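Side chains included, hydrogens not; waters and symmetry mates left out as well; all remaining heavy atoms used. Computed from a predicted structure; not experimentally measured.
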Amino acid sequence: MMKATIYDVAKEAGVSIATVSLVINGKGKISAERREEIRRIMLRMGYKPSMIASALTGKKTYALGLLVPDISNPFFAEIARAVEDEGQRHGYSVFICSTDNRDDKVEHYAALLEQKNVDGVIVGTGLKELSALAPLLQGGMPVAFLSRECPAAGVPTIVVDDYGGGASAAEHLIGLGHRRLAVLAEQESISSSRERVRGFRETAAAAGITLDPQLVRSSSLKDGKASALALLSQAERPTAIFCCNDMLAIGALQAAKTAGLRIPDDCSIVGFDDTVLASVTDPPLTTIAQPIERLGQLAVQYVLREPERTPERVVLPPALVQRQSTSPLR
């Protein structure tokens, strides 16, 4: 059986093709009852509007792109859900692309999304070179950055106060009496991780604590346990570790167990993000919570320019969530 076309829907509904198009795009002075009747006919006939055809006629495709490092990371899975929920509220579908923080993948997906004529792209991935986004930025595609900084792009940026979050982690651990502090960070190219480390380091310095260079390490998520083991294997091991995301913190919890250490008695651990995993670890993880749902909502609103917005930087406050992975120094 041939696919139903817009002409078939219009004939069945007894209306013009223009009226069906208005219903598809949510426009025109058409009663709610009539709109629903036409939508039911579309559903019954299996009619699906062509994204390519809409793009060729200059219409919206009602699709957005979302670039994240890895959708298997719970933080980005929750970000994707927040973006998808807000997109659906505006009538948009979302294409999710995992980049592994690699510029070649960013460039590939940027070109693909440009070819798909999506109506906007949210960039939540690390970049070494802005040129990886050239297919989007040079074509005038609406773009917003989410949880990543790139001032040179000149587009809206929605982030959490990463510096302040790192500072809160340091204040919490120092307040518990810890002085031998370690940091487990992501790769240097990730702006959010850099700022978290900077906030932690400078707050420690203000308290008269200089971080031992041997106790500050960068790690991939999959190597988090091994990197944490290296920290805990120092001759003078740290009494507390600040991890720049919850996945690294979970690796640190696993490393402590392997090393025969008790958390928090032998070592306190703080994460960052407050993903769903933070409350189900053993012990539950003290972490710096990001307002994930609000981040996703604002990213969609800014990329859609509703209401019309000029390029700006929005910074949301994080919050310390204290659980059982930290305790006073013993």
I need the full list of side-chain hydrogen bond (donor to acceptor under 3.5 Å, both in side chains) pairs touching residues 230-244, with sequence neighbours left out, sorted by first then second residue. His178-Thr239
Would the distance check show the side chain of Ser98 and the main-chain N or O of Ile71 forming a donor-acceptor pair, the cut-off being under 3.5 Å? yes
Can you name the one residue among Val143, Ile96, Leu133 that meets side chain to side chain contact (heavy atoms under 4.5 Å, CB included) with Leu67? Leu133
Does Arg89 come within less than 4.0 Å of Glu86, counting only side-chain N to carboxylate O? yes
Are any of the side-chain nitrogens in Arg198 or Glu195 under 4.0 Å away from the carboxylate oxygens of its partner? yes
Going by an N to O cut-off under 4.0 Å, is there a salt bridge joining Asp85 and Arg81? yes
If we count only N and O atoms by modelled type, under 3.5 Å, do the side chains of His172 and Thr326 hold a donor and an acceptor together? yes
Could you verify whether a donor N or O on one side chain and an acceptor N or O on the other, from Thr275 and Asp246, lie under 3.5 Å apart? yes
Closest approach of Asp103 and Lys128, non-hydrogen atoms and distance? OD1-N, 3.0 Å
Taking atom OG1 of Thr99 and atom CG of Asn101, what is their separation to the nearest 0.5 Å? 5.0 Å
Taking the six-membered ring of Phe272 (Phe, Tyr or Trp), confirm whether the NZ or CZ of Arg196 is under 6.0 Å from its centre and within 45° of its axis. yes
Return the set of residues passing salt bridge (charged side-chain N to carboxylate O under 4.0 Å, His left out) with Asp104 (not counting sequence neighbours), or none when no residue passes. Arg102
Is it true that the side chains of Tyr163 and Glu202 contain a donor and an acceptor less than 3.5 Å apart? yes
Is the shortest side-chain N to carboxylate O distance from Arg323 to Asp274 below 4.0 Å? yes
Can you confirm whether more than 12 heavy atoms, excluding those of Arg148, are under 6.0 Å from its CZ atom? yes
Any idea how Phe242 and Phe200 line up, ring-wise: parallel (<30°), tilted (30 to 60°), or perpendicular (>60°)? parallel
Solution key, residues 7-14 side-chain donor-acceptor pairs under 3.5 Å, sequence neighbours excluded:
residue: Asp8; atom: OD2; partner: Thr5; partner atom: N; Å: 2.9
residue: Asp8; atom: OD2; partner: Thr5; partner atom: OG1; Å: 3.2
residue: Glu12; atom: OE2; partner: Arg44; partner atom: NH2; Å: 3.3

Does anything in residues 204-215 pair up under side-chain hydrogen bond (donor to acceptor under 3.5 Å, both in side chains), and if so which pairs, sequence neighbours excluded? Arg180-Asp212
Listed by chain and number, what are the salt bridge (charged side-chain N to carboxylate O under 4.0 Å, His left out) partners of Lys225, not counting sequence neighbours? none
Give the C-alpha distance, both sets of side-chain angles, the deciding distance and a yes or no for side chain to side chain contact (heavy atoms under 4.5 Å, CB included) between Asp282 and Leu253. CA-CA 8 Å; Asp282 182 22; Leu253 290 174; over 6 Å; no
Pick one: which of Ser147, Pro317, Ser192, Pro291 meets side chain to side chain contact (heavy atoms under 4.5 Å, CB included) with Val160? Pro291
If you count heavy atoms of other groups shown closer than 6.0 angstrom to CD of Glu293, is the number above 12? no
Suppose we screen for salt bridge (charged side-chain N to carboxylate O under 4.0 Å, His left out). Which residues come up paired with Asp70, at least two apart in sequence or across chains? none
